[in-house]
Amino acid sequence: MTLRDLAERYSALEAVDKSDFQRSARILQSMWRAECGYEIGELKTRTGSRLLGSRLVMPWAQETRANYLSDTIKCVVHDEVMNPEKSTGKLYGKPRIFNDLLSSQPLCFNLFAELQRDLPLATDVMKNLTNGLVGSVTAIDFEWSPGRGDPRLTGDRSAFDVYVSFSSADDKKGFIGIEVKYHENLIGAASPHKDRYDQIADQMGCFKESNREDLKDQPLQQIWRDHLLAGIHRIADGFEEGFFVFLYPEKNPHCSSAVADYKRCLTNADTFASWTIESVAGAIKRCTDDPWIDLFINRYLAFEKVTA
């Protein structure tokens, strides 16, 4: 059976998928839905709607939070997304955060919500991932910005998908701002450039002047803008430690290629890191036997089920 045949079997053949990885990711999420016995959802189009294997049925998906892997994660989603006091001003895509199995926002909660509620576990994981830089994790936030539209920062509405506050091993105040990708191919129009971005880039002093124009276009621009936000947040808000992480599946060729190109634009990587979702899941596995991380790996990373 070809990949196309398998996609058709799971109602997951979509023209927007530009690579075998993207098609495989959609199939994998469709398989997970079928394994769970969840009813297939619909994709609305200009001419009507059609079944889509990587979608859940609304409003059932919102009522049950079936997109989420444990009761703890569902509680965090309720508190962070469904509580108007907490979610006001945050850019959660609705209904996608409830019914879209491929969306990276649900993945953020499925990977980091348990850590938010268990900071000792989060500390162990982040120590592992940062080679001991992190001494203790003090908080984890979602869709967090140090100041949306704040002119002393980037002046735009950029935010981190996940924001980890920590004290370093030598008791310095620090943070990790994380951008999470899964199925994305980073193709699309770049946002309008702001002179403020160049000003911050000059302050940070880690970008090659010869590559500056490359950073203003996709697929590098979003990485650059998030990196700039982390850089100016560290400078303006007086952090002694702090860096930006671009997090993606190791098998996603669009992300891995963009990261390689981005690193070639840097003179140093003191404030930038790229992590794979596999490496984060592996670090969690080394620190806990809780079943939710196995559920996560089976859902998001078990591509052997597709190739088999």
Side-chain angles (χ1 to χ4, degrees), residues 1-62 64-69 73 93-111 161 179-189 218-219 222 246-260 276-281 293-308:
M1 181 179 290
T2 67
L3 202 59
R4 182 183 180 90
D5 292 336
L6 197 59
E8 289 178 339
R9 175 179 174 181
Y10 282 95
S11 300
L13 185 63
E14 293 293 307
V16 295
D17 296 334
K18 303 300 183 184
S19 65
D20 284 352
F21 168 80
Q22 286 192 294
R23 180 159 292 170
S24 296
R26 190 180 299 277
I27 293 169
L28 186 60
Q29 294 310 299
S30 304
M31 283 180 164
W32 177 82
R33 177 195 53 74
E35 290 167 0
C36 293
Y38 297 154
E39 185 178 348
I40 189 171
E42 293 183 336
L43 174 67
K44 294 182 179 180
T45 67
R46 287 177 293 179
T47 58
S49 62
R50 67 175 185 274
L51 296 177
L52 181 59
S54 57
R55 288 284 172 90
L56 298 176
V57 174
M58 287 289 287
W60 174 85
Q62 181 169 340
T64 61
R65 280 159 278 160
N67 207 351
Y68 299 96
L69 296 172
I73 298 169
K94 298 177 182 178
R96 295 180 67 246
I97 197 165
F98 300 113
N99 72 345
D100 190 337
L101 302 178
L102 273 176
S103 173
S104 56
Q105 282 194 333
L107 187 155
C108 288
F109 284 99
N110 280 325
L111 187 57
D161 292 329
E179 174 73 16
V180 181
K181 299 299 183 187
Y182 181 59
H183 169 267
E184 292 88 344
N185 58 28
L186 308 183
I187 297 172
Q218 295 292 49
Q222 184 182 3
F246 188 75
L247 178 63
Y248 65 97
E250 65 181 19
K251 296 181 185 298
N252 185 325
H254 312 282
C255 291
S256 58
S257 175
V259 164
T276 66
I277 295 175
E278 288 82 355
S279 69
V280 175
I293 188 58
D294 292 315
L295 296 175
F296 179 92
I297 292 169
N298 175 66
R299 174 173 169 182
Y300 288 105
L301 302 175
F303 288 100
E304 65 272 11
K305 294 194 295 185
V306 177
T307 56

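The figures that follow rest on heavy atoms only: side chains count, while hydrogens, waters and symmetry mates do not.
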Student: Quick check for you: to the nearest 0.5 Å, what is the distance between Arg65 atom CZ and Trp60 atom CH2?
Tutor: 12.0 Å
Student: Please round to the nearest 0.5 Å and tell me the distance separating atom OG of Ser24 and atom NZ of Lys251.
Tutor: 9.5 Å
Student: Give the C-alpha distance, both sets of side-chain angles, the deciding distance and a yes or no for side-chain contact (heavy atoms from CB on, under 4.5 Å) between Leu247 and Ile277.
Tutor: CA-CA 6 Å; Leu247 178 63; Ile277 295 175; 3.9 Å; yes
Student: Would you please name every residue forming a ring pair (Phe, Tyr, Trp, His ring centres under 6.0 Å) with Tyr68, sequence neighbours left out?
Tutor: none
Student: Is the closest side-chain heavy-atom distance between Arg9 and Asp5 below 4.5 Å?
Tutor: no
Student: Please report the interatomic distance OG(Ser30) to CG(Leu13), rounded to the nearest 0.5 Å.
Tutor: 11.0 Å
Student: Would you name the heavy atoms of Ala258 and Leu186 that are closest together and state the gap between them?
Tutor: CB-CD1, 3.6 Å
Student: Quick check against the 3.5 Å criterion: does Asn99 have a side-chain atom that pairs as donor or acceptor with the backbone of Met58?
Tutor: no
Student: Which residues pass the side-chain contact (heavy atoms from CB on, under 4.5 Å) test with Glu14, sequence neighbours left out?
Tutor: Val16, Asp17, Arg26, Leu43, Arg50, Leu52
Student: Take a 6.0 Å sphere around CD of Glu39 and say whether it holds more than 12 heavy atoms from other residues, nucleotides or ligands.
Tutor: no
Student: Using a 3.5 Å distance criterion without hydrogens, assess whether the side chain of Glu278 forms a donor-acceptor pair with backbone atoms of Glu250.
Tutor: yes
Student: What closest approach, in Å, do Ala66 and Trp32 show between heavy atoms, and which atom pair accounts for it?
Tutor: O-CH2, 3.4 Å
Student: Can you sort out the partners of Lys305 under side-chain hydrogen bond (donor to acceptor under 3.5 Å, both in side chains), two or more places apart, ordered by chain and number?
Tutor: Glu35, Asn298
Student: Ignoring hydrogens, what is the shortest heavy-atom contact between Gln218 and Gly188? Give both atom names and the distance.
Tutor: CG-O, 3.1 Å
Student: Could you check whether any side-chain heavy atom of Phe303 comes within less than 4.5 Å of a side-chain heavy atom of Leu28, counting everything from C-beta outward?
Tutor: yes
Student: Any chance you could measure Cys255, atom SG, to Glu184, atom CD, to the nearest 0.5 Å?
Tutor: 6.5 Å
Student: So how far is it from Leu56 CG to Tyr38 OH, rounded to the nearest 0.5 Å?
Tutor: 8.0 Å
Student: Take Leu6 and Met31 through the side-chain contact (heavy atoms from CB on, under 4.5 Å) test and state the conclusion after the steps.
Tutor: CA-CA 10 Å; Leu6 197 59; Met31 283 180 164; 3.9 Å; yes
Student: If you apply the rule side-chain contact (heavy atoms from CB on, under 4.5 Å), what do you find for Asn252 with Gln22, and how did you get there?
Tutor: CA-CA 8 Å; Asn252 185 325; Gln22 286 192 294; 5.8 Å; no
Student: Any pair with a residue in residues 98-111 that passes salt bridge (charged side-chain N to carboxylate O under 4.0 Å, His left out), sequence neighbours left out, goes on the list, sorted by first then second residue, please.
Tutor: Arg55-Asp100, Arg96-Asp100
Student: With Ile40, which residues qualify under side-chain contact (heavy atoms from CB on, under 4.5 Å), at least two apart?
Tutor: Ser11, Arg33, Leu51
Student: What residues form a ring pair (Phe, Tyr, Trp, His ring centres under 6.0 Å) with Tyr182, not counting sequence neighbours?
Tutor: Tyr300
Student: Treating Thr45 as the side-chain partner and Gly48 as the backbone partner, does any N or O pair qualify as donor plus acceptor under 3.5 Å?
Tutor: yes
Student: Heavy atoms, side chains only, cut-off 4.5 Å: are Leu69 and Phe109 in contact?
Tutor: no
Student: Decide, yes or no, whether a salt bridge links Lys44 with Glu42 under the criterion of side-chain N to carboxylate O below 4.0 Å.
Tutor: no
Student: Less than 4.5 Å apart, side chain to side chain, heavy atoms only: is that true for Pro219 and His254?
Tutor: no
Student: Under the side-chain contact (heavy atoms from CB on, under 4.5 Å) rule, what do Ile97 and Asn67 come out as? Steps first, then yes or no, please.
Tutor: CA-CA 8 Å; Ile97 197 165; Asn67 207 351; over 6 Å; no
Student: Whether the side chain of Gln29 engages the backbone of Arg299 through a donor-acceptor N/O pair (distance < 3.5 Å, no angle test) should be reported.
Tutor: yes
Student: How many angstroms lie between CG in Leu3 and CZ in Phe21, if you round to the nearest 0.5 Å?
Tutor: 11.5 Å
Student: Considering all heavy atoms of both residues, which atom of Pro253 and which atom of Ser256 are nearest to each other, and what is their separation?
Tutor: O-OG, 3.2 Å
